[in-house]
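These numbers were taken from a predicted model, which means no experiment stands behind them.
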Amino acid sequence: MTPLLSTRHPWQLHFGETPLPPTLPRDFDVVRVSMGLGMSAVDAMIDTGQDVGPLLCCITHRMLLIPVESGTAGLWGAAHSACSSGSALQCVMHGYQPPCRNRFWVAPPGPLAAPTSAPAVLHETLSLMRARMRFARRPLSARAREVCHV
């Protein structure tokens, strides 16, 4: 069984959705991404000292909702995640899904915490992590035929 929330770093946990973390700005956009891909990317961002803000984890949908600076949604355009404008912390924006039952906030400890996650770095890191995950899922025989010309 795979762990629900796997990470290499310590996090501050707040069991519940309210109140919102005090570091969040009044206006922000929200990136929605699968928990596995999202935590891999956020771990990589912390490894390189990038800004990471609080994350809302939804156990029901296995999603991370990542607040980013306001205005990011108009520039996002990614296959690996969705970004919506406004600070609505909804897991699913279209269609019917079961209601969220178990959600909680996590934030990096003290000096690593930022009000929101850096959107450009988050986008790039999500793209890199998605590519690595897709490559790792390919059969070994397909990967063995690839030749790197340096």
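Between His123 and His80, the two ring planes are perpendicular [angle over 60°; tilted spans 30° to 60°].
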task: Could you check Ser117 against Asp51 for side chain to side chain contact (heavy atoms under 4.5 Å, CB included), going step by step and ending with a plain yes or no?
output: CA-CA 5 Å; Ser117 296; Asp51 287 343; over 6 Å; no
field: Worked check of side chain to side chain contact (heavy atoms under 4.5 Å, CB included) between Arg62 and Ser34
entry: CA-CA 6 Å; Arg62 297 185 66 101; Ser34 69; over 6 Å; no
query: For Arg32 and Ser84, what are the C-alpha separation, side-chain angles and deciding distance, and is it a side chain to side chain donor-acceptor pair (under 3.5 Å)?
result: CA-CA 8 Å; Arg32 288 161 188 77; Ser84 60; 2.6 Å; yes
message: Working note: Leu65 + Val31, criterion side chain to side chain contact (heavy atoms under 4.5 Å, CB included); need CA distance, chi angles, decisive distance, verdict.
response: CA-CA 6 Å; Leu65 285 76; Val31 173; over 6 Å; no
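Residue Val106 is not grouped with residue Leu20 when hydrophobic side chains (ILVMFWY) are merged at heavy-atom distances under 4.5 angstrom, including chains of intermediate members. Placement of Val42 and Leu128 in two distinct hydrophobic clusters is found when ILVMFWY residues are connected by side-chain heavy-atom separations under 4.5 Å, directly or transitively. One hydrophobic cluster, built from ILVMFWY side chains closer than 4.5 Å, cannot hold both Leu24 and Met45; they sit in different ones. Follow the hydrophobic side-chain contacts under 4.5 Å out from Val121 and you never reach Leu75; the two are in separate clusters. Residues Met63 and Met39 do not share a hydrophobic cluster, defined by chaining ILVMFWY side chains whose heavy atoms lie under 4.5 Å apart.
Partners of Glu17 under the side-chain contact (heavy atoms from CB on, under 4.5 Å) rule, at least two apart in sequence or in another chain, are Leu56, Arg103. For Trp105, the side chain to side chain donor-acceptor pair (under 3.5 Å) test picks out no residue, with sequence neighbours left out. In this structure Ala44 satisfies the side-chain contact (heavy atoms from CB on, under 4.5 Å) test together with Thr125, Met129, sequence neighbours excluded.
Minimum heavy-atom separation, Thr23 to Ala114: OG1-O, 4.2 Å. Phe15 and Phe104 make their closest contact through CA-CB, 3.9 Å (heavy atoms, listed as atom of the first residue, atom of the second, distance). Here the closest heavy-atom approach between residue Pro99 and residue His61 is recorded as C-CE1, 4.3 Å. The shortest non-hydrogen separation linking Pro67 to Pro54 is CD-O, 3.1 Å.
Taken to the nearest 0.5 Å, the CZ atom of Phe28 stands 9.5 Å off from the OG atom of Ser70. For the atom pair SG of Cys58 and CG of Leu89, the computed distance is 11.0 Å after rounding to the nearest 0.5 Å. With rounding to the nearest 0.5 Å, the separation of OG1 in Thr116 from CG in Leu122 is 10.0 Å. Annotation: the span from Arg130 atom CZ to Ser40 atom OG amounts to 13.5 Å, rounded to 0.5 Å.
The closest side-chain heavy-atom distance from Asp27 to Ser87 is not below 4.5 Å. Between Gln90 and Val30, the closest side-chain pair of non-hydrogen atoms is not below 4.5 Å.
Each of Asp29, Val68, Ile66 was scored for a side-chain contact (heavy atoms from CB on, under 4.5 Å) with Pro119, with one residue passing: Val68.
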